[in-house]
There are 2 protein chains.
Amino acid sequence: MPRPDELQSILKHWREAVPEDRLAHLIRDAARAQARALQMRLLEHAVSFGHWSFLRILWEANGLTQSELSARAGVMEPTTYAAVTAMERLGLVRRRQLSGNRKNVHVYLTPKGRALRSKLIPLAEEVNRISVGGVSAADVATTRRVLLAMLDNLAGDGAAPANSVRRVPSTRELSRLPARAQQRARKSAPA
Amino acid sequence: MPRPDELQSILKHWREAVPEDRLAHLIRDAARAQARALQMRLLEHAVSFGHWSFLRILWEANGLTQSELSARAGVMEPTTYAAVTAMERLGLVRRRQLSGNRKNVHVYLTPKGRALRSKLIPLAEEVNRISVGGVSAADVATTRRVLLAMLDNLAGDGAAPANSVRRVPSTRELSRLPARAQQRARKSAPA
DNA sequence: TCCGCATTCTTAGAGATGTAAGAATAATTG
DNA sequence: CAATTATTCTTACATCTCTAAGAATGCGGA
């Protein structure tokens, strides 16, 4: 989440040196800028950016299970678990199990969680309005279409080039060295 | 970093329910999909996605200080510090102080770090090629222009609506409750 | 010149997210 | 029906990034 002055610097970077394939980088920067803009606004309502995505799903589909929530949010279950736990502590949602199934945990909005909707949605709309200010609707539509196409193109990736495994190669595998080292460093000065 | 099957589900979501202002969400998903595609390829060379951005900067400007690196990467200094430490441990870079200044720490690529360039750049180009497959150059250009405009629009944000402070309102401030709780939970079952 | 402020690096710790693995429960099938 | 398999939640731990604060160093004005 870069700060405003750094955004300026990033902008400068984009205006000056835009070689060739930097589209991916641009997308990343734009995503971060938007996330930051929204987060600043959400914080005034004591909602973190992480919770926003889950709240938004629940406003549309209250009572989903945690795994359904995970799928819709596009994150793994531990992420959802942590977020739901935090939101429950903040009184925004409640876990409940329905009779007949002791495995599934359904997540329900509390009145407080539901009430946030009318406050938070306008903030997202404001950020959107600011973002696309001065951009024609046609260009926004094109951008949307291109991003969708990219998502489509990349969704097939991962199955991939046949010449190697390349199937979610367990992040650890090779980062084990630095991991261990960091851990060692941390533990060498505990209390 | 969602998995391929989840990407499918995300895609479906975008094709079916695309209400109004979801552009921000789309940008986020696209950024994640691209990051993931690149990361999978980088891992085969023992490079994490986090290191990639720093390496790329150093290939263009070897010997920057850590704070210069931070500015160019658009991240805070602790992030850079951690990444440089990890990369140093992996033998990709070396910290060095120039005589005349004992404060600034310059970061230099090792031969190993430099050699990665010719291996890694093609991977990024491949991801880019896959991403924009089937999209016209004109549409890509439009997308680039729109994203740049968005970045521009959002860069001014943060100074903001005059009716409230809204100046990087210290992420902690309100998330203090859940934070404490998590900490408590973690410490209640240590060794 | 020297003192105070600014810069730079570093440390501490929180939060989001991921992978891996465990436990409980449901579903399926021989 | 019982045993195996799959699903769901949970825990553990790693990584990346941030904010906050400390320490060392450099710099500029009284």
Side-chain angles (χ1 to χ4, degrees), chain A residues 1-3 6 32 35-36 39 43 48-54 64-71 73-86 95 97 100-107 168-183 185-187 189-190, chain B residues 1-3 6 32 35-36 39 43 48-54 64-71 73-86 95 97 100-107 168-183 185-191:
Chain A
M1 221 49 49
R3 294 203 298 233
E6 283 158 26
R32 292 206 297 177
R36 180 174 180 281
Q39 182 164 64
L43 276 175
S48 80
F49 183 77
H51 299 166
W52 157 260
S53 34
F54 291 105
L64 292 179
T65 65
Q66 291 185 178
S67 70
E68 289 167 337
L69 260 182
S70 304
V75 300
M76 297 292 94
E77 270 153 28
T79 300
T80 303
Y81 177 81
V84 168
T85 299
R95 282 185 169 93
Q97 292 189 291
N101 190 316
R102 283 183 295 169
K103 202 168 57 167
N104 295 24
V105 174
H106 298 261
V107 181
V168 189
S170 102
T171 314
R172 297 293 115 53
E173 228 157 278
L174 292 162
S175 54
R176 204 164 287 159
L177 279 164
R180 289 282 168 75
Q182 289 228 141
Q183 205 175 343
R186 230 178 288 135
K187 283 181 179 171
Chain B
M1 215 67 31
R3 293 204 297 236
E6 284 160 26
R32 291 207 295 179
R36 178 173 182 283
Q39 181 163 62
L43 276 175
S48 80
F49 183 77
H51 299 166
W52 157 259
S53 36
F54 291 104
L64 291 180
T65 66
Q66 290 187 179
S67 70
E68 289 167 337
L69 260 181
S70 304
V75 300
M76 297 291 96
E77 269 153 29
T79 300
T80 303
Y81 176 81
V84 169
T85 299
R95 281 186 170 92
Q97 291 189 290
N101 190 316
R102 282 183 295 170
K103 201 168 60 170
N104 294 24
V105 174
H106 297 261
V107 180
V168 188
S170 105
T171 315
R172 298 292 113 54
E173 227 157 277
L174 291 163
S175 53
R176 204 164 285 157
L177 278 163
R180 289 281 169 75
Q182 290 229 140
Q183 205 176 345
R186 231 177 287 135
K187 283 180 180 170
S188 70

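The analysis underlying the following values was restricted to heavy atoms, covering all of them including side chains, and did not include hydrogens, waters or symmetry mates. Every chain is numbered from 1, with letters handed out A, B, ... down the list of sequences.
Atoms CE (B/M76) and P (C/dT11) sit 19 Å apart, rounded to a whole Å. Rounding to whole angstrom units, CG of residue B/L64 and P of C/dC9 are separated by 11 Å. A/E77 places its CD atom 13 Å from the C1' atom of D/dT11, with the value rounded to the nearest Å. Regarding A/H51, its NE2 atom lies at a distance of 9 Å from the P atom of C/dG15, rounded to whole Å. To the nearest angstrom, P of D/dT19 lies 9 Å from CD of A/Q39. Atom C1' of nucleotide C/dA6 and atom CG of B/N101 are separated by 13 Å, given to the nearest angstrom. Summarising the geometry, the separation between CZ on A/F54 and P on C/dG15 is reported as 16 Å, rounded to the nearest angstrom. Across the protein-nucleic acid pair, B/R32 atom CZ and C/dA16 atom C1' stand 11 Å apart, rounded to whole Å.
Residue-to-nucleotide proximity on DNA chain C shows that, of B/N104 and A/S53, the 5′-proximal contact is made by B/N104. Mapping B/G100 and A/E68 onto DNA chain D by nearest heavy atom places A/E68 closer to the 5' end of the strand.
Within the 4.0 angstrom heavy-atom criterion, only backbone atoms of the sugar-phosphate kind lie near A/Q66; the bases stay farther away.
Scanning both residues, B/H51 and B/A86, for their nearest heavy atoms gives NE2-CB, 3.7 Å.
Checking D/dT10, C/dT19, C/dT11 against every side-chain atom of B/Y81, the shortest atom distance belongs to C/dT11. Closest approach to the B/R102 side chain among C/dT17, D/dC16, D/dG26 is made by D/dG26 (side chain taken as heavy atoms from C-beta onward). Closest to the B/P78 side chain, of the nucleotides D/dA20, D/dT8, C/dT17, is D/dA20. Side-chain proximity of B/V75 to C/dG18, D/dC9, D/dC18: nearest is D/dC18. With C/dC9, D/dT11, D/dC18 as the choices, the nucleotide that has an atom nearest any side-chain atom of B/V105 turns out to be C/dC9. Checking C/dG18, D/dT17, C/dT8 against every side-chain atom of A/T79, the shortest atom distance belongs to C/dG18. For B/K103, the side-chain atoms get nearest to C/dA6 when compared with the rest of C/dT17, C/dA6, D/dT8.
Proximity of A/S67 to the phosphate of D/dC9: a side-chain N or O atom is located under 4.0 Å from OP1 or OP2. The side chain of B/S48 contributes no N or O atom lying less than 4.0 Å from OP1 or OP2 of D/dT15.
At distances below 3.5 Å, not a single donor-acceptor pair connects side-chain atoms of A/E77 with backbone N or O atoms of A/S67.
Side-chain contact between A/V107 and A/E68: absent, with no pair of heavy atoms (C-beta onward) separated by less than 4.5 Å. Residues B/L69 and B/F54 have side chains in contact (heavy-atom distance under 4.5 Å, counting atoms from C-beta outward).
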Fill in: Chi angles and distances behind the side chain to side chain contact (heavy atoms under 4.5 Å, CB included) call for B/K103, B/T65
CA-CA 10 Å; B/K103 201 168 60 170; B/T65 66; over 6 Å; no
